[in-house]
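Heads up: the structure comes next, in structure tokens.
All values derive from a computational prediction rather than experimental measurement. These numbers come from the heavy atoms of this one structure, side chains and all, not from hydrogens, waters or symmetry mates.
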Amino acid sequence: MPVPHLVDLGGGWGLWRWCVLRAAGFPADLLEPLAAPDLAALADAANAATAANAVTAAWGATSAGGATSAGGRTVTGAATGAGDADASAGDGDRPDPAEHLARYLDRFRTAERSLARALHAVAADPRIREAVAWQNPNALTSGFDTLLRRDPETVARTGRHRKTEALVSSYLHRYCAKNDTIGFFGPLRWARIDPDQTEPIRTVHDGTAGDRTLYLEGWAVAALGRALAAPLRPWLVPRLLPLLDVDVDTLRVPTAGPLPLDPVQAAVLRALRPDRTARQVAAAVCADPTVSGTDPAQVRSALDRLHTDGRIAWTLEAPPDDLHPADTLRAVVDRVDDPAVRAPALAALDRLAAATATLAAARGDATKVRDALATLGVTFTELTGEAPERAAGQLYAGRTLVFEECRQPDTVRIGPAALDALRAPLALLLDSARWYTAAGAALYRRALRGVFDQLAAARPGRPVPLAELWLAARGLLVDDPEPVVRPLTRALHQRWERLLAVPDGARRVWRGAADLRTGAAALFPAGPPGWTSAAQHSPDLMIAAPDLAAVAAGDVDWVLGELHAGYHTMRYASWVECHPDPDDLAHAMAADLPGGVVRLGATDGQGGSATRFSPRLLGPADRRLVFAPDTCGHDPDHDLVLGGCDVLDRDGRLVVRRRRDGTHHDLVEVLADLVAANLMPHFRVLPPAPHRPRVTIDRLVVSRETWTFPATTVDFAADPDEARRFLRARAWTHRHGLPRHVFVRCTGEKKPVHVDLASLASVEVLARAVRRAQRTAGADARVTVTEMLPDPGQLWFTGPDGRRHSAELRFVAAPLPR
């Protein structure tokens, strides 16, 4: 039967009608001035004329015989002009290797000055500067401004200068070639599948500017709350930390026996409620007949002791997933009825708000943004005593005080014809993703059973507290899930390799979905997902076509970026807030998961996720698993608090029981968000190998061509001579048949970077990344190279500026009701 929020994909699957278009904020053509394809051609000609193992010798011979170039190198022969790249074929006399090298070196001098001018222009571009100011103000000062102080026509290309150029180049490549969602340089667009649309795809630009919303990170506001809390405590809500539980007059502490409480402490803990302030707790305890004669001072003393001993949280706080936590704190402070206590706290909140408002007003001017960020940082440190950054180097960690989300009003409408080439192959992938979650859940059940049995053996006849299993299973769930994940991914890869039958040495492999369907059904048999919310999967898909006319003509390939198996990637807090109708998304989620699920309670502890990635779209039947000290705002009558639950064996199945009311939930369902987060990043069709071909099913590229090298074999990276290094890099490129545009990830890096192998600046970035990997990982360092697909000539999406932008569509898939 028709389902309003789903479009029938085929194979029993549907796609949500709403999807997200993630596009680079800057057009791809900004990268072209950094490239030197003519220099790359001359380098290729020189390499072709000179045996690879004789390049160094020829280089030395060339250097010995002629005039010194700008970089301290020497050349022989007459200087050649820009039009002489192919002159070697003109008169039948092929130049010798030394002459090829001389031509290359002469062109190199031109190319390095062209690059210097291009990067100087990048460093001066107001919008690029503003993007960097928001992301890394120090890079603006130490990199971009440093470059602008140097004359591109005369600056010596020392190692330090090339490092500065590499910094500037890296930011431009990210802003032009990566499909990020961050600020105006990675804006968010909500797109929609329209079943009634006859055009395959159309873009809609209404001519208005995007909406830019500035948010304070929750961790920063939490730090301010802690700094302000002490005098406010009578008006604040104390709460028991989630690993603990109260049993009459004892405290349950995981890995320890029951701890006796004195009568007042026990009465205090029993009186705690999510909406009850410390003063109200005192009133409730004083009215408790079991502790008659207790006065408010005794209650306050008991609260102080419990707080000091780490039994309760008692601070000025907002939920970690609150997008507007400063407003929440202000509402709490406004209720304080002592002006002498209320006024200083409001003044501190006002100072933070004023600094934030100044920053918001600075939009459009990089220098003002940088200065306003610095002022905000100073204000924050003065108010809290803490640094204005945290979790340096951690991806998605919400490192700085603020983040900005930009929603572009221009959008995309997708007609059903655009999905025709996608339907059958994507359904095969989704079948394998469903199998993947089921197999992963089975492995986690077995691993958790082992932990449970060990704990149960130590307490025969008694249930295992969930808090104790949580701590004992932390390695499997958080610290090192690889022992569980590794056999799963190996099994996935073996099945796909058997299905695809990729021949050795192939570079392009095509398969028909119809030919694979029977084999896929045997290898990935239908069945329930591993956990309830694993019914949903989120494929990131790109379109490889030069323009919308090619899409309309059917001259288009789809390219799989990632498939987030068992994971919904459109439920992020700030994304949902940008949606034109968030209730529509919530209804779609409830339709897919009508019985409700258990979600991890939001936390933003040290190194935790940024506020923007907090989940939304929670339904009334959903429960939260509350496990972290900073998780507040939950309903203990509805949610699962870690310390208030036990794990039981019910007919061979591990279940979580709430002590409060005896309700039961499957253990893997309770831990599903953690299980999903561990499995999701490892879903790949093919495993790493020295070389993997591009694999296409019908018109969907399910695996891009990829190479994996030991870092020690990327031998040009350590060459200190820039001209010779580029020459050797081009030889390495041709030796392995690499395309010009690739994405590279080295050991130790979280995300790949775009590299143009015909660009001096890009090769510099690559060489530095390889050297960095070797320093950190030694002989184990690896370099993974993946073709850029779509390449710059296949970018169909044009922004309001009419220029091509790299883009991907993020979908959510779910099974259609039977």
Given Gln536, Arg810, His579, the one that forms side chain to side chain contact (heavy atoms under 4.5 Å, CB included) with Met570: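 For Met570, the side chain to side chain contact (heavy atoms under 4.5 Å, CB included) check succeeds only for Arg810.
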
Leu349: which of Leu316, Leu224, Asp327 passes side chain to side chain contact (heavy atoms under 4.5 Å, CB included):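 It is Leu224; the other options fail the test.
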
Please name all residues satisfying salt bridge (charged side-chain N to carboxylate O under 4.0 Å, His left out) with Arg129, sequence neighbours left out, ordered by chain then number.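 Arg129 satisfies salt bridge (charged side-chain N to carboxylate O under 4.0 Å, His left out) with Asp145 once adjacent residues are dropped.
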
Could you tell me whether the side chain of [X] and the main chain of [Y] form a donor-acceptor pair under 3.5 Å?
X      : Y      : value
His638 : Asp622 : yes
Thr277 : Val237 : no
His537 : Gly566 : yes
Arg22  : Asn179 : yes

Just checking, is any N or O donor in the side chain of [X] or [Y] under 3.5 Å from an acceptor N or O on the other one?
X      : Y      : value
Thr532 : Glu669 : yes
Asn678 : His682 : no
Thr141 : Arg370 : yes
Glu562 : Tyr567 : no

So, for Trp16 and His568, is the gap between ring centers shorter than 6.0 Å?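 Ring centres of His568 and Trp16 closer than 6.0 Å.
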
Using the side chain to side chain contact (heavy atoms under 4.5 Å, CB included) criterion, which residues pair with Thr411? Sequence neighbours excluded.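 Per chain and number, Thr411 pairs via side chain to side chain contact (heavy atoms under 4.5 Å, CB included) with Ala191, Val204, Arg413.
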
Only pairs at least two apart or in different chains count here, so list each salt bridge (Lys or Arg N to Asp or Glu O under 4.0 Å) that has a residue in residues 167-186.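 Qualifying pairs: Arg174-Asp180.
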
Which pairs, with at least one residue in residues 576-599 and sequence neighbours excluded, count as a salt bridge (Lys or Arg N to Asp or Glu O under 4.0 Å)?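 Sorted pair list: Arg599-Asp673.
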
Partners meeting ring-ring contact (aromatic ring centres under 6.0 Å, His included) with Phe797 (sequence neighbours left out):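 Phe797 satisfies ring-ring contact (aromatic ring centres under 6.0 Å, His included) with no residue once adjacent residues are dropped.
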
Aromatic Trp314 / basic Arg233 pairing, under 6.0 angstrom, 45° off normal: yes

Ion pair Arg212/Glu405, N-O distance below 4.0 Å: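 A salt bridge is absent here (no side-chain N lies under 4.0 Å from a carboxylate O).
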
Residue pairs meeting side chain to side chain donor-acceptor pair (under 3.5 Å), one or both in residues 332-346, sequence neighbours left out, come to Trp235-Asp337, Arg279-Asp337

